[in-house]
Amino acid sequence: MYTYLNDSFVPEEKAFLHISDLAIQRGYGIFDFFRVINNYPLFIDDYLERLFVSAQEMHLKIPYSSNQLKEIIFDLIRKNNLPVSGIKVILTGGYSPDGYQLPDKPNLVISQKPMTFPPPVFPTSGIKIITHEYLRDKPHVKTINYVVGIWIQNKIKEHNAADVLYYYNGIVSEFPRCNFFIVTDDNVVVTPGENILEGITRKHVLALASEKFKIEVRNVTLEEALNARETFMTSTSKRIVPVVQIDNQIIRDGKPGRITRELFDSLVMLEEKELMKGSK
Ligand SMILES: Cc1ncc(COP(=O)(O)O)c(C=O)c1O
């Protein structure tokens with residue numbers, strides 16, 4: 001299996017970075033992640049656009065144009081031939097002489113791993129989540145900092161939950177790796193607009209929802225979330241997952257909701273349309 005490291009393809013077992021990298025020294029870096037299905041990178045343009053925004057926000061210079069990066073990614077897909085997989089594009093802070101100053105040149109890693117994704121079938125049950133008061137650093141940037149998400153894994157398990165929803169000052173934001181949505185009693189599809197990473201799945205779900213329902217991007221209080229008619233999470237690897245319990249509060253009848261299902265089905269159709277592009 002090949003990994004792309006800075007300027008060349010190297011076998012994965014030889015893809016090393018030096019310990020002076022700011023990612024190791026200070027946890028400084030960004031990344032993005034997308035799915036490959038039938039050897040086609042789904043919604044690649046959306047992810048590359050976000051990668052360039054993250055890089056700019058963090059003063060990291062990507063040594064390629066978006067089109068060049070895309071060509072490298074298509075080459076990697078051809079070389080590895082892992083039809084169902086995930087690709088991570090990581091840009092680290094780079095080699096820092098004193099372990100703190102940001103050097104001119106970041107390190108670029110593009111790695112591909114075989115992965116299985118949930119089938120395109122709406123789940124018959126939803127998940128329980130817990131909440132935790134926390135505001136991510138640079139929430140609108142896809143940084144490599146998942147410290148609290150990883151640290152809190154034991155607590156999630158202790159509560160027999162599947163994930164943790166962050167809130168701050170009574171306003172919910174997102175999960176460590178997913179965005180959050182509610183559906184109100186008036187069938188309005190609402191997602192938080194502040195202190196979040198603008199997920200690509202969130203963007204697609206909002207666009208699909210706006211074809212059928214009223215949508216709102218605004219602050220959502222924890223109180224409103226607990227009393228919502230439906231709640232769900234979105235992410236690249238999970239698509240849409242219904243949330244049926246938040247802490248001790250069961251969301252309505254405790255079953256995945258109708259609008260969540262409709263959005264799930266629309267998202268699967270959108271993916272199929274996008275995949276047709278790859279087969280042309
Ligand atoms: C903090 C955060 N929010 C939301 C998401 C979901 O984004 P996407 O739909 O692009 O996977 C992610 C993805 O990893 C994330 O890290």
Participant: When you look at CD of Q68, are more than 12 heavy atoms from neighbouring residues, nucleotides or ligands closer to it than 6.0 Å?
Facilitator: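 Yes, enclosed.
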Participant: Are more than 12 heavy atoms from other residues, nucleotides or ligands located less than 6.0 Å from atom CD of E133?
Facilitator: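 More than 12 within 6.0 Å, yes.
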Participant: Between F181 and Y168, is there a shared hydrophobic cluster once you connect ILVMFWY residues whose side-chain heavy atoms come closer than 4.5 Å?
Facilitator: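 Unlinked, F181 and Y168 end up in two clusters.
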Participant: Mind checking the CD1-CD1 spacing from I246 to I182? Nearest 0.5 Å is all I need.
Facilitator: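 It comes to 9.0 Å.
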Participant: Taking the side chain as C-beta and beyond, is there a heavy-atom pair between V243 and T260 under 4.5 Å?
Facilitator: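 Answer no - side chains too far apart.
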Participant: If you compare all heavy atoms of N195 against all heavy atoms of P139, which two are closest, and at what distance to 0.1 Å?
Facilitator: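 That would be C-CB, 3.5 Å.
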Participant: For the CZ atom of F34 and the OG atom of S85, what is their distance to the nearest 0.5 Å?
Facilitator: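 Nearest 0.5 Å value for the CZ-OG distance: 9.0 Å.
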Participant: Determine, using the 4.5 Å side-chain heavy-atom cutoff (strictly less than), whether L275 and L48 are members of one ILVMFWY cluster.
Facilitator: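 Same cluster: L275 reaches L48 through Ile, Leu, Val, Met, Phe, Trp or Tyr contacts under 4.5 Å.
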Participant: State the OH-NZ distance between Y47 and K88, to the nearest 0.5 angstrom.
Facilitator: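 If I round to the nearest 0.5 Å, the distance is 14.0 Å.
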Participant: Is Y100 atom OH crowded by more than 12 heavy atoms from other residues, nucleotides or ligands, each under 6.0 Å away?
Facilitator: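 Check fails, neighbour count at 12 or below.
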Participant: For residues R202 and L197, report the shortest heavy-atom separation together with the two atoms involved.
Facilitator: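 Heavy-atom minimum between the residues: CD-O, 4.5 Å.
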Participant: Say whether, by atom type as modelled, one donor and one acceptor occur between the side chain of Q245 and the main chain of D247 under 3.5 angstrom.
Facilitator: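 Checked: pair present.
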Participant: Determine whether P120 and E271 make a side-chain contact, defined as any pair of heavy atoms from C-beta on separated by less than 4.5 Å.
Facilitator: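 Counting from C-beta outward, P120 and E271 never come under 4.5 Å.
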Participant: Hey, what do you get for NE2 (H159) to CD1 (I130), rounding to the nearest 0.5 Å?
Facilitator: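 So the gap between those two atoms works out to 6.0 Å.
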Participant: Flag yes if more than 12 heavy atoms outside E198 fall under 6.0 Å of its CD atom; otherwise flag no.
Facilitator: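 No.
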Participant: Can you tell me if CG on D104 sees more than 12 non-hydrogen neighbours from other groups inside 6.0 Å?
Facilitator: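 No, not enclosed.
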Participant: Please test K142 against I30 for side chain to side chain contact (heavy atoms under 4.5 Å, CB included), starting from the C-alpha separation and ending with a verdict.
Facilitator: CA-CA 6 Å; K142 199 161 164 73; I30 59 149; 5.6 Å; no
Participant: Which atoms form the tightest heavy-atom contact between I251 and A225, and what is the distance?
Facilitator: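 The pair with the smallest heavy-atom distance is CD1-O, 3.8 Å.
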Participant: Under 3.5 Å, side chain of R239 to main-chain N/O of P118, donor-acceptor pair present?
Facilitator: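 Yes: the side chain of R239 pairs with the backbone of P118.
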Participant: Any sub-3.5 Å donor-acceptor pair from Y134's side-chain atoms to G149's backbone N or O?
Facilitator: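 Not confirmed, Y134 side chain does not pair with G149 backbone.
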Participant: Quick check on E13: does its CD atom have over 12 non-hydrogen neighbours (other residues, nucleotides or ligands) under 6.0 Å away?
Facilitator: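 Atom CD in E13 is crowded, with more than 12 foreign heavy atoms closer than 6.0 Å.
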Participant: With a 4.5 Å cut-off on side-chain heavy atoms, are V148 and P176 touching?
Facilitator: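 Side chain of P176 against side chain of V148, heavy atoms only: no contact under 4.5 Å found.
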Participant: Assess whether a salt bridge exists between R35 and E274, defined as any Lys/Arg side-chain N lying under 4.0 Å from an Asp/Glu carboxylate O.
Facilitator: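 Salt bridge between R35 and E274, a charged N being under 4.0 Å from a carboxylate O: no.
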Participant: Between H204 and D46, is the side chain to side chain contact (heavy atoms under 4.5 Å, CB included) condition met? List the steps.
Facilitator: CA-CA 10 Å; H204 293 150; D46 289 326; 2.9 Å; yes
Participant: Roughly how far, to the nearest 0.5 Å, is OG1 of T236 from CG of D32?
Facilitator: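 If I round to the nearest 0.5 Å, the distance is 7.5 Å.
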Participant: Please assess S96 against D98 for the test side-chain hydrogen bond (donor to acceptor under 3.5 Å, both in side chains), listing each intermediate value before the final yes or no.
Facilitator: CA-CA 6 Å; S96 176; D98 65 354; 3.2 Å; yes
Participant: State plainly whether the residues R229 and D186 are in salt-bridge range, i.e. N to O under 4.0 Å.
Facilitator: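 Salt bridge absent between R229 and D186.
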Participant: Determine whether a donor-acceptor pair (N or O, by modelled atom type, separation under 3.5 Å) exists between the side chain of T191 and the backbone of F180.
Facilitator: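 A pair under 3.5 Å: yes.
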Participant: Should T3 and V109 count as side-chain neighbours, where that means a heavy-atom distance under 4.5 Å?
Facilitator: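 Sidechains of V109 and T3: in contact.
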Participant: Tell me whether D163 contacts the main-chain N or O of I129 through its side chain, where contact means a donor paired with an acceptor under 3.5 Å.
Facilitator: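 Not a single qualifying donor-acceptor pair exists.
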Participant: Find out whether the Lys NZ or Arg CZ of R136 is both under 6.0 angstrom from the six-membered ring centre of Y166 and within 45° of the ring's axis.
Facilitator: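 R136 over Y166 ring: no.
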Participant: Please check if L270 and I200 belong to a single hydrophobic cluster, counting links between Ile, Leu, Val, Met, Phe, Trp and Tyr side chain heavy atoms closer than 4.5 Å.
Facilitator: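 Cluster IDs for L270 and I200 match.
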Participant: Taking side chain as C-beta onward, heavy atoms only, is W151 less than 4.5 Å from H132?
Facilitator: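 Side chain of W151 against side chain of H132, heavy atoms only: contact under 4.5 Å found.
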Participant: More than 12 foreign heavy atoms under 6.0 Å from CD of E71: is that the case here?
Facilitator: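 Counting other residues, nucleotides and ligands, CD of E71 stays at 12 neighbours or fewer.
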Participant: Hydrophobic clustering (ILVMFWY, side-chain heavy atoms < 4.5 Å, transitive) - are L135 and L165 grouped together?
Facilitator: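 No, separate clusters.
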Participant: State, with a plain yes or no, whether a side-chain heavy atom of V89 is found less than 4.5 Å away from one of L108.
Facilitator: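 Side chain of V89 against side chain of L108, heavy atoms only: contact under 4.5 Å found.
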Participant: Are any side-chain N or O atoms of R78 and backbone N or O atoms of I73, one a donor and one an acceptor, separated by less than 3.5 Å?
Facilitator: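 No; judged by distance alone, with no hydrogens or angles, the pair does not exist.
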Participant: State, yes or no, whether a side-chain contact exists between N187 and R258 at a heavy-atom distance under 4.5 Å.
Facilitator: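 N187 vs R258: side chains touch.
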Participant: Are the charged groups of E262 and K212 less than 4.0 angstrom apart, N to O?
Facilitator: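 K212 and E262: salt-bridged.
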Participant: Between A23 and I144, what is the shortest heavy-atom contact and its length?
Facilitator: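 Taking every non-hydrogen atom into account, CB-CD1, 3.9 Å.
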Participant: Would you call the rings of H18 and Y95 parallel, tilted or perpendicular, where under 30° means parallel and over 60° means perpendicular?
Facilitator: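 H18 vs Y95 ring planes: perpendicular.
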Participant: Please determine if E230 and R261 form a salt bridge, counting it only when a charged side-chain N lies under 4.0 Å from a carboxylate O.
Facilitator: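 No, this pair does not count.
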Participant: Kindly determine whether F232 and V183 satisfy side chain to side chain contact (heavy atoms under 4.5 Å, CB included), including the steps that lead there.
Facilitator: CA-CA 9 Å; F232 62 90; V183 180; 4.2 Å; yes
Participant: Which heavy atom in I77 sits nearest to a heavy atom in N39, and how many Å separate them?
Facilitator: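 Looking at all heavy atoms of both residues, the closest pair is CG2-O, 3.3 Å.
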Participant: Is M269 atom CE crowded by more than 12 heavy atoms from other residues, nucleotides or ligands, each under 6.0 Å away?
Facilitator: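 Count not over threshold, so no.
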Participant: Could you tell me whether the side chain of F52 reaches within less than 4.5 Å of the side chain of L69, counting heavy atoms only?
Facilitator: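 Yes. Closest side-chain heavy atoms under 4.5 Å.
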Participant: Distance from F175 atom CZ to M233 atom CE, nearest 0.5 Å?
Facilitator: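 Taking CZ in F175 and CE in M233, the distance rounds to 4.0 Å.
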Participant: Is there a chain of hydrophobic side chains (I, L, V, M, F, W, Y, each step under 4.5 Å between heavy atoms) that links V36 to I72?
Facilitator: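 V36 and I72: one cluster.
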Participant: For L60 versus G29, what's the shortest heavy-atom pair and its separation?
Facilitator: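 Scanning both residues completely, I find the closest heavy atoms to be CD1-CA, 4.5 Å.
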Participant: Between V244 and I250, is a side chain to side chain contact (heavy atoms under 4.5 Å, CB included) present by the stated rule, with each step listed?
Facilitator: CA-CA 6 Å; V244 295; I250 308 275; 5.7 Å; no
Participant: Do side-chain atoms of N145 reach the backbone of G27 as a donor and acceptor pair under 3.5 angstrom?
Facilitator: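 Pair absent, no side-chain N/O of N145 close to backbone of G27.
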